[in-house]
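Structure first, then comments.
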Amino acid sequence: MNSKKFNAAAALVCLSFLVLALFGAIVIASSVPLLILSTLALIGAVFTLGLTWRSVFRPALFAGNNDTRARLVQEVTALNRHAMVTLTDDKARIVHVNDKFRDATGYALDDLSGISMDRLYFEDDLSKMEDIRAGLDRGEPWSGETRLQCKQGNVLWTQATIVPRMDAKGNLVGSISVRTDITDNKMAAAQKELYTALHKLWDEVYMFDPATLRCTYMNEAALARKGWSVEDYTPENLATVSEDFETETFRTHVDTLVTGKDHVSYTAVIDSRPYDIRLQRVSPYAAREQLVVVLRDMSERVQAERAQAELMSTISHELRTPMTSIKGAMGLLLSNAAGELPEKARGMLSIAYRNADRLVMIINDILDIEKIAAGQMEFKLKVEPLASVIEEAVAANEQFANRFDVKVMKEEIDPDACANYDFGRTLQVLTNLLSNAAKFSPPGGRVRVYMERIGDRIRINVQDYGQGIAKEAQARIFERFAQASTTANRGVESTGLGLNIAKVIMEEQKGSIGLFSELGKGATFYAEFPAAVPAEVEQLKPVDRAV
Amino acid sequence: MMRLLHVEDDEDIREVAKMALELSGQFEVMQCPSGEDALEKAPQFKPEILLLDVMMPGMSGPTTLQKLREIKGLETTPAIFMTARAQPAEVEELKAMSALTVVVKPFDPITLGDQIMAALNG
C-alpha cells in the first residue's frame, strides 16, 4: 500500500475522531479517561500528519479558550515525554508511533510504518493479544503488562493501556496504546524471585559476571561453608570468594562455556570434600548474561555408597561362613565320609543340600546385581576361542544335567571362532543357559549346544526340547525376578536373577542374549558375540553404571 | 602324606575341612584357631603347605602369612588362602601375596584335597 496515502487516510480518521473526542472532553471535562482519549487522538493526529502543534492549533480546531488549549498541549507534551504511544488501524497495523517508542524499541519509523503490531509481539502472547482486541472491539479499554520484541531481539516489558478508537457508528477503527517501560522492574522482580529460590537451596550457589569472573551472589549454603552470616555478605567478602574460584580447572571450564555450550559439569575436591560442580550460563530475559555455579557436596553420597558396598561385602562374608559349614557337612555326609547313610536319610539330606546350594546361588546373584548397580563388576576381556568356554561350561554342567537325566550334545563348534570376552563371566552365562535347558527338559531328553556365524557375529545356541516359553513371557524373561514357568521346573532352584545378570554380562561384552521358542516345542537361548581376531591386547574394563 | 597347617577361626569350618582333608588321604593336618596359635605351633610342626582363612579376628590371614614367612624354613612354603569375600580385586590382592591360589568359600569338601594338590602341582 502506498504509505503516504494510507497515512493521510488514517489521519483523516484520526481527525474526525479527534474532533469528537475533544468535543467530549470539553463537555465532560471531569471525565479523565475521555480526556486521555482525546489527548491521545490529538497526539496521533499530529504525528500522523507530520504537523507541528502550532499548525494544529492555529486553525482553531475547537472553540475552547486559550487556557484549556494550552493545558492540553502541555498534557500531551508531558505524556509524550513520559510514555510510548502507538496508534493502529482496525487491522492492528501501525499508523503512528512516538519518539519514545522508537527510542525504547530501537526501530526506525520505516521499520514500523504499516506493519502489523503482531510483529512486535512474541508468538506466545499472540492469543492474549487476540483476546484484548476482542475486548477493544466491544469498546473495552485494556490495561496490563505486555512484552514487545525490540529490534535487537531483546524484550521490552511494558505496562500498557490500550483504548479502542471508534467511528461515529461505533465501529472499531483502531486503537491507541500508551506504554511505560517496566523492563527493569520486571527483571528486578525476576531476579528477586530467582534469588529467593536459590537462597534456600541445599546446594551452594554462586553467581559470577562471566566477563570479569567477579562473584556477584552467593546463597545461604555457600555462606555457611565460608562460615559467614548475612552481615558478612559484603562486596569485599564477595571479592574474596572470586579468589577461591581462581583455579585452572575452573577457568578451563569457564572457557569451554565460551565456545557455545551453555553448561558444563565436573567434580573437584574443595576443602578436602568431594563436590560435583556445574557451571551454567544464564541470561534472564535476554539481558546481562550471568554465570551460575552450583556446588553439590558429594561426601555424604560417596560415604553412603562406600557404606553400602561395605555392607554387601560383609553380608556376603557373614552368610558364606555358615554356608560353608552347612554345605561342607552335608556334602561329607552324602559322600559317606561318616559312614553309609540309610536311603531315606540320604534323600532328605539331598534336599537340604540342594537348597543350601540354592541359597549360595542367591547370595552370589544378589552380590552380582549389587556389583552391576555400583558399576563394580569387572571384566577381563581377552580374545580367545569360544570353544574353550563352551567346553568348560558343558563339563561344569554335566553333573547337573545328569540329575535331570538330560544329555548335553555339543554340535557344530568351530574351534577357531574367537571373541573378545571374559572367560569367567561368559562361563557364568553359558552355565545359566545350560542349567536352565536341563531343568526344563523332559527326563531322558537332550540339550543341543551349537555355534552359528551370523554376519560378523558368533552365536552360541543352547536348545532344549522342553515345553517352551509362551510369547508373552518371552519379552519379560530377561528382566529381574522373571521366571517363565511355575509349573514345569520340577522343584528346581532358581533366583529369577540369573537371566537378567546374563543379559547385563553379555551387553557389557558388546554381545547380546536372546531366545526363540514356541510353546510345546522347546526353546533355543543364544549368547552372541562380535567375532574377533586373536592377538588383541587384554584390557580391564569396569562396567558403566548400568541396570 | 604332606604336613598341612590349617588356620581358621570358625570351629565348624575347621571340623568340616579336617574331615574333607583327611578324606583325601593326602595330608597330615594341624589346625589352629588363630594366627597367634599358628605362629606358636608352626616351628615345631614344620608344615609343607599352609591353608589360611583370610578374615579372622585379631591377626588376619595375610598378616599371619607375613609372620609365618619370618620363621626359618617357612620362607617359601606354598600358601593357599580361603575366603568368603570373592571379589575379584580381593582375590587378586591375595594372589599377589605369594599365595598359590585362593579357595572360595563355600568350598566343596569332596574336592578340597584335589583342589589343593592341583594348585601345588600347577
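Each chain gets a letter, A, B and so on, in the order the sequences are listed, and its residues count up from 1.
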**Prompt:** Taking only heavy atoms into account, what residues of residues 6-25 of chain B are found under 4.5 Å from chain A?
**Reply:**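 Listed by number, the contacting residues are B:Asp10, B:Asp12, B:Ile13, B:Val16, B:Met19, B:Ala20, B:Leu23.
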Taking atom [atom1] of [X] as the centre, report whether more than 12 heavy atoms of other residues, nucleotides or ligands fall under 6.0 Å from it.
X: A:Arg346; atom1: CZ; value: yes
X: A:Arg301; atom1: CZ; value: no
X: A:Met348; atom1: CE; value: no
X: B:Glu75; atom1: CD; value: yes
X: B:Glu36; atom1: CD; value: yes
X: A:Glu398; atom1: CD; value: no

**Asked** What heavy-atom pair brings A:Gly328 and B:Pro109 nearest, and what distance separates the two atoms?
**Response**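 That closest heavy-atom pairing would be O-CG, 3.3 Å.
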**Request:** First locate atom CD of B:Glu92, then atom CD of A:Glu378, and finally report the distance between them rounded to the nearest 0.5 Å.
**Result:** 8.5 Å
**Sidechain-backbone polar pair: A:Arg320 side chain, B:Pro106 backbone, donor-acceptor under 3.5 Å** = no
**Message:** Taking side chain as everything from C-beta outward and backbone as N, CA, C, O, which of these in A:Ala356 sits under 4.5 Å from a heavy atom of chain B? Side chain, backbone, both or neither.
**Reply:** neither
**Asked** Got A:Thr324 and B:Met82 here, is their nearest side-chain heavy-atom distance under 4.5 Å?
**Response**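 They are not in contact (no side-chain heavy atoms under 4.5 Å apart), so the answer is no.
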